[in-house]
*Asks:* 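A single structure is presented below for examination.
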2 protein chains.
Amino acid sequence: MKSLAEHVESPELAAACLQFIESGGHTTQSFGLGQVIGQVFALLYLSPRPLCLDEIAEELGVSKASVSTTVRQLESWSAVKHVWVKSDRRDFYEAETDFKAMLRQGVLGTLRKKMDTAAVRLENVETTLADALEKSAQTGREETKVVAERLQRARQFHAKINGLLNNPLLDHLL
Amino acid sequence: MKSLAEHVESPELAAACLQFIESGGHTTQSFGLGQVIGQVFALLYLSPRPLCLDEIAEELGVSKASVSTTVRQLESWSAVKHVWVKSDRRDFYEAETDFKAMLRQGVLGTLRKKMDTAAVRLENVETTLADALEKSAQTGREETKVVAERLQRARQFHAKINGLLNNPLLDHLL
DNA sequence: AACTACGTTCAGTTTGCACTGAACGACAAT
DNA sequence: ATTGTCGTTCAGTGCAAACTGAACGTAGTT
């Protein structure tokens, strides 16, 4: 991280920016994502102009490979967007300022995907359970019904969370 | 995982339970937590009676150490609760059936903690920024104000999310 | 064509973390 | 006291994933 100190007028401002970038890295790391992705976004968020891959890599002191993959992930969440600079082959990126859209396509998007895969798993369990219910119909055991009831409640909970994620009220609250 | 097959009447029902337990493990693992924690909760959730550590460990085929730490984590989220069985020294646990409370103290609780630590970091950045603003007051540079504005917007976003997490409407939606 | 400056990819490395096994302390029973 | 059965703890292990470095493909430049 050296060029930042060159571009910024006061060392105090540079210190604040570095603190912010570091905080972003710690935050994303605490959520299981790496620390690079948070640093990249924080840097782009504070940058007054779009930056290219090499600038980001040099600024953060990480490899260009990390920045390449990270930027594409951020782009898929519409957290950063591609920007073309006239007569320059390089790819420049700038941070998305609309946090709401970022949250929708980023956090909520991945959350919805996980809910979908969980739904598939639950459906498989229910088909297996249907076999069990069918074969124990003559015996009429108690335990089967208890398990069936628990599984049904789990599905209801899943549906409730799913509904919450797609609730327009949630969008309105942001 | 062998005792389950012994306690359950039909092999189909046991298969459904195992599928459910496995699904729970996959789900928690997809969220960065291990797979054991999801399996433990799923097992306790389907179990008609409270289980002790050794039973859980043997059922899932994991070490008792994992179960010990995992159960305490689940307990801190009030996802499982301690149950005493008369004239038995062992600690028994059963699953919490109230998913709402579980979600509040589990997911939202840890989320709130992360927001708090992020808030501390943001405050540190702002004090550093205050120094920069003070020292650049005479110069009155443009860049400092831009960065200050961006940081302020970041703080506003943080406050918004914080407010959403503590919004009683969110509780009502669950 | 040769050369350079891009971005991407992939094998290799390292770091972090879930999980284990053994040792330990507590406590009850004999 | 001693033995046995609990639960917890901690150093060690294995593995997954972040990150790196070099090679590659591509496109513009001379």
Side-chain angles (χ1 to χ4, degrees), chain A residues 1 21-22 24-44 50-77 79-94 110 114, chain B residues 1 21-22 24-44 50-77 79-94 110 114:
Chain A
M1 304 194 201
I21 292 170
E22 192 181 358
H26 283 301
T27 299
T28 51
Q29 199 175 24
S30 80
F31 280 98
L33 323 161
Q35 63 170 330
V36 178
I37 189 168
Q39 290 179 355
V40 169
F41 177 77
L43 173 63
L44 289 175
L51 301 177
C52 69
L53 291 189
D54 283 303
E55 289 173 324
I56 299 172
E58 190 188 3
E59 190 80 52
L60 301 178
V62 298
S63 71
K64 191 164 62 170
S66 289
V67 177
S68 178
T69 61
T70 292
V71 157
R72 262 187 296 127
Q73 192 167 4
L74 284 171
E75 206 178 4
S76 75
W77 297 343
V80 303
K81 56 182 176 183
H82 211 136
V83 169
W84 273 268
V85 175
K86 61 169 184 177
S87 65
D88 200 324
R89 289 174 44 206
R90 297 175 292 181
D91 298 349
F92 285 83
Y93 296 93
E94 68 180 12
T110 56
K114 290 185 191 300
Chain B
M1 307 194 202
I21 291 170
E22 192 181 358
H26 282 301
T27 300
T28 51
Q29 199 174 24
S30 80
F31 279 99
L33 323 160
Q35 63 170 333
V36 178
I37 189 169
Q39 290 179 356
V40 168
F41 177 77
L43 173 63
L44 289 175
L51 301 178
C52 69
L53 291 189
D54 283 304
E55 289 173 325
I56 299 172
E58 191 189 3
E59 191 80 52
L60 300 178
V62 298
S63 71
K64 190 163 62 170
S66 289
V67 178
S68 177
T69 59
T70 292
V71 156
R72 263 187 296 126
Q73 192 168 5
L74 285 171
E75 206 178 5
S76 74
W77 297 343
V80 304
K81 56 182 176 185
H82 212 136
V83 168
W84 274 268
V85 175
K86 60 169 186 176
S87 65
D88 202 321
R89 288 173 44 207
R90 295 175 293 181
D91 298 349
F92 286 83
Y93 295 92
E94 68 180 14
T110 56
K114 291 185 191 300

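Below, read A as the first sequence line, B as the second, and so on, with proteins coming before strands; counting in each chain starts at 1.
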*Asks:* Can you measure B:Q39 atom CD to C:dA18 atom P for me and round it to whole angstrom units?
*Replies:* 14 Å
*Asks:* B:Y93 has an atom OH; how far is it from atom C1' of D:dT8, in whole Å?
*Replies:* 11 Å
*Asks:* Identify, residue by residue, the members of residues 83-91 of chain B with a heavy atom below 4.0 Å from DNA chain D, and return them in order of residue number, or none.
*Replies:* B:R89, B:R90, B:D91
*Asks:* Taking atom C1' of D:dT9 as reference, at what distance in whole Å does atom CG of B:L53 sit?
*Replies:* 14 Å
*Asks:* Flag the pair B:H82 / B:Y93 as yes when their ring centroid distance falls below 6.0 Å, and as no otherwise.
*Replies:* yes
*Asks:* Using atom CG of B:L60 as one end and atom P of C:dA18 as the other, report the distance to the nearest whole Å.
*Replies:* 17 Å
*Asks:* Rounding to an integer number of Å, can you tell me how far B:K64 NZ sits from C:dG21 C1'?
*Replies:* 12 Å
*Asks:* Does A:D54 form a side-chain contact (heavy atoms from CB on, under 4.5 Å) with A:K64? I'd like the steps, not just the answer.
*Replies:* CA-CA 6 Å; A:D54 283 303; A:K64 191 164 62 170; 3.1 Å; yes
*Asks:* Ignoring backbone atoms, test whether A:S63 places a side-chain nitrogen or oxygen under 4.0 Å from the OP1 or OP2 oxygen of D:dT20.
*Replies:* yes
*Asks:* In whole Å, what is the span from the CD1 atom of A:I56 to the C1' atom of C:dC6?
*Replies:* 14 Å
*Asks:* Check every atom of C:dT20, D:dC6, D:dC19 against the side chain of B:D54 and return the nucleotide holding the closest atom.
*Replies:* D:dC6
*Asks:* Using whole Å, report how far CZ of A:R72 lies from P of D:dC19.
*Replies:* 15 Å
*Asks:* Check each residue of residues 30-38 of chain A for a non-hydrogen atom within less than 4.0 Å of any atom in DNA chain C, then write out the ones that pass by number, or none.
*Replies:* none
*Asks:* Can you measure B:Q29 atom CD to D:dC15 atom P for me and round it to whole angstrom units?
*Replies:* 13 Å
